[in-house]
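One structure below.
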Amino acid sequence: MQNFISIQYYHSPVGELLLGAYENQLCICDWRYRKMRPTVDKRIQAAVNAVYVEQEDQVISQCITQLEEYFRKERRTFDIPLLMLGSDFQKHVWNELILIPFGETQSYMGLAQKLNNVGAIRAVASANGANALSILVPCHRIIGSDGDLTGYAGGLSAKKRLLELEGSLSQQMTLF
C-alpha cells in the first residue's frame, strides 16, 4: 500500500498555499505557485516515500484555523505539530527561524551568527529558501543586512504584507 501526504489548498490573504500533513504532522505550508514547487514536492515526497492525495485532514484543518487567526491578528505563534523534511543543517536553520519573535526580523548574517557559522551565510540563505513550512517557520522574517526585503518563495509582495501584518516593516525597508 502506498503512503500518502494529505494535501489541501488554502487561499490566504497574501497568496495561495499548499498545505500537507503526514502522520498527524504538518509537513507543507508552502506557496502553491513558487518557482521551486516541483523540487520541494519531490524532496517532501521522497523523504517519507509518499504521494500527495487531496483530502480532508485534522492537522490541515487545525492549520487553516490558526492561519486565519494569524491573518486576523489574533495569533502570534503556532502550535501545530510540524514535520520538517530536509537535511540536518536545513532543520537547524528552520528551528532557528522559529525562534525569531513575531514583529521582529533578522538578517541572513545575523542568522548565520546565531548558528555560530558566519561562513555559512549562503547555505543559511539556501536553507531559508528551501523551507516548506512558510509562515509557521517564519522565513519571511529574514531580510538583507541593509534592511532590504530580499528573496521570498511567496514573492516580495507577500513578504512585505506579512511583515506589515506583524508590525515589523520599518520605513527604511525597501523592495528589491
Side-chain angles (χ1 to χ4, degrees), residues 10 12-20 25-44 47 63 66-67 69-71 73 75-176:
Y10 170 67
S12 85
V14 297
E16 191 171 1
L17 294 166
L18 169 64
L19 304 177
Q25 296 176 298
L26 193 75
C27 60
I28 307 164
C29 179
D30 202 11
W31 304 98
R32 182 173 184 181
Y33 299 108
R34 72 179 290 179
K35 290 178 185 174
M36 291 180 54
R37 175 87 275 128
T39 303
V40 172
D41 291 343
K42 185 177 178 180
R43 183 187 81 225
I44 300 293
C63 180
Q66 290 192 17
L67 284 169
E69 291 167 352
Y70 168 83
F71 287 115
K73 298 184 180 183
R75 175 174 289 277
R76 292 176 167 234
T77 60
F78 298 92
D79 58 8
I80 307 287
L82 301 178
L83 177 60
M84 296 181 191
L85 299 170
S87 71
D88 288 342
F89 180 78
Q90 287 172 327
K91 291 176 194 175
H92 192 56
V93 170
W94 300 334
N95 279 309
E96 264 318 302
L97 289 172
I98 292 171
L99 299 178
I100 301 170
F102 181 97
E104 295 184 21
T105 58
Q106 179 66 253
S107 68
Y108 291 103
M109 177 59 79
L111 188 55
Q113 289 170 337
K114 285 189 174 217
L115 295 167
N116 295 316
N117 197 345
V118 179
I121 191 166
R122 288 179 191 242
V124 165
S126 179
N128 198 57
N131 175 24
L133 291 161
S134 285
I135 303 174
L136 284 77
V137 176
C139 52
H140 62 278
R141 295 180 187 154
I142 300 298
I143 60 172
S145 295
D146 58 2
D148 287 346
L149 301 187
T150 59
Y152 188 60
L156 291 180
S157 174
K159 182 173 189 162
K160 181 179 185 225
R161 291 175 68 194
L162 291 170
L163 293 174
E164 286 172 343
L165 177 115
E166 295 183 4
S168 58
L169 191 66
S170 67
Q171 299 289 43
Q172 73 271 17
M173 286 183 176
T174 56
L175 295 172
F176 285 102

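Everything quoted here is computed from the prediction, not taken from an experiment. By convention here, the first residue in the shown sequence is residue 1.
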E104: which residues meet the side-chain hydrogen bond (donor to acceptor under 3.5 Å, both in side chains) condition with it, sequence neighbours left out? none

Rounded to the nearest 0.5 Å, how far apart are CE of M109 and CG of D146? 12.5 Å

D41 vs R37 side-chain heavy atoms within contact, under 4.5 Å: yes

Non-neighbouring partners of Y70 that pass ring pair (Phe, Tyr, Trp, His ring centres under 6.0 Å), sequence neighbours left out: F78

Within the structure provided, determine whether I80 and L133 are in side-chain contact (heavy-atom separation under 4.5 Å). no

Restricting to non-hydrogen atoms, name the atom on G151 and the atom on L156 that form the minimum distance, rounded to 0.1 Å. N-CD2, 3.7 Å

Pairwise side-chain contact, L162 with F71, heavy-atom cut-off 4.5 Å (strictly under): yes

Side-chain donor/acceptor of Q66 to backbone N/O of D79, under 3.5 Å: yes

Student check: side-chain heavy atoms of Y152 and H140 closer than 4.5 Å: yes

Heavy atoms only: give me the nearest I98-L82 pair and the separation to one decimal. CD1-CD1, 4.2 Å

Is N131 reaching over with its side chain to a backbone N or O of V137, donor-acceptor style, under 3.5 angstrom? yes

With a 4.5 Å heavy-atom cut-off, do M84 and N95 have their side chains touching? yes

What's the verdict on side chain to side chain contact (heavy atoms under 4.5 Å, CB included) for V14 and W31, showing C-alpha distance, side-chain angles and the deciding distance? CA-CA 10 Å; V14 297; W31 304 98; 3.5 Å; yes

Where is the tightest heavy-atom contact between R161 and P13, given as atom of each residue plus distance? NH2-O, 2.6 Å

Here the gap from T39 atom OG1 to I44 atom CD1, rounded to the nearest 0.5 Å, amounts to 11.5 Å

Looking at R141 and E166, is any side-chain nitrogen of the basic one under 4.0 Å from a carboxylate oxygen of the acidic one? yes

If I take atom CG from residue N128 and atom CZ from residue R122, how far apart are they, to the nearest 0.5 angstrom? 15.0 Å

Between the side chain of W94 and the main-chain N/O of A127, is any donor-acceptor distance below 3.5 Å? yes

So do the side chains of L163 and I143 get within less than 4.5 Å of each other, counting heavy atoms only? yes

Test side chain to side chain contact (heavy atoms under 4.5 Å, CB included) applied to R32 and L17, step by step: CA-CA 5 Å; R32 182 173 184 181; L17 294 166; over 6 Å; no

Ignoring hydrogens, what is the shortest heavy-atom contact between L26 and G20? Give both atom names and the distance. CD1-O, 3.3 Å

For a quick test of reading the model, state the closest non-hydrogen atom pair linking L97 to P138 and the distance between them. O-CG, 3.2 Å

Looking at T150, is its backbone amide N or carbonyl O close enough to the side chain of D148 to form a donor-acceptor pair, meaning the two atoms are under 3.5 Å apart? no

Measure the CD-CD distance between Q113 and Q106 for me, rounded to the nearest 0.5 Å. 8.0 Å

Whether over 12 other heavy atoms sit under 6.0 Å from K114 NZ: no

Side chain of K159, backbone of I142: donor and acceptor closer than 3.5 Å? yes

With a 4.5 Å heavy-atom cut-off, do V40 and D30 have their side chains touching? yes

Rounded distance [0.5 Å steps], SG in C139 versus CG in L111: 11.0 Å

For P81, which residues count as a side-chain contact (heavy atoms from CB on, under 4.5 Å) partner, sequence neighbours excluded? Q25, Q62

Write down the atom of V93, the atom of V124, and the distance for their closest heavy-atom approach. CG1-O, 4.2 Å

Does P38 offer a backbone N or O that forms a donor-acceptor pair with the side chain of R43 under 3.5 Å? no

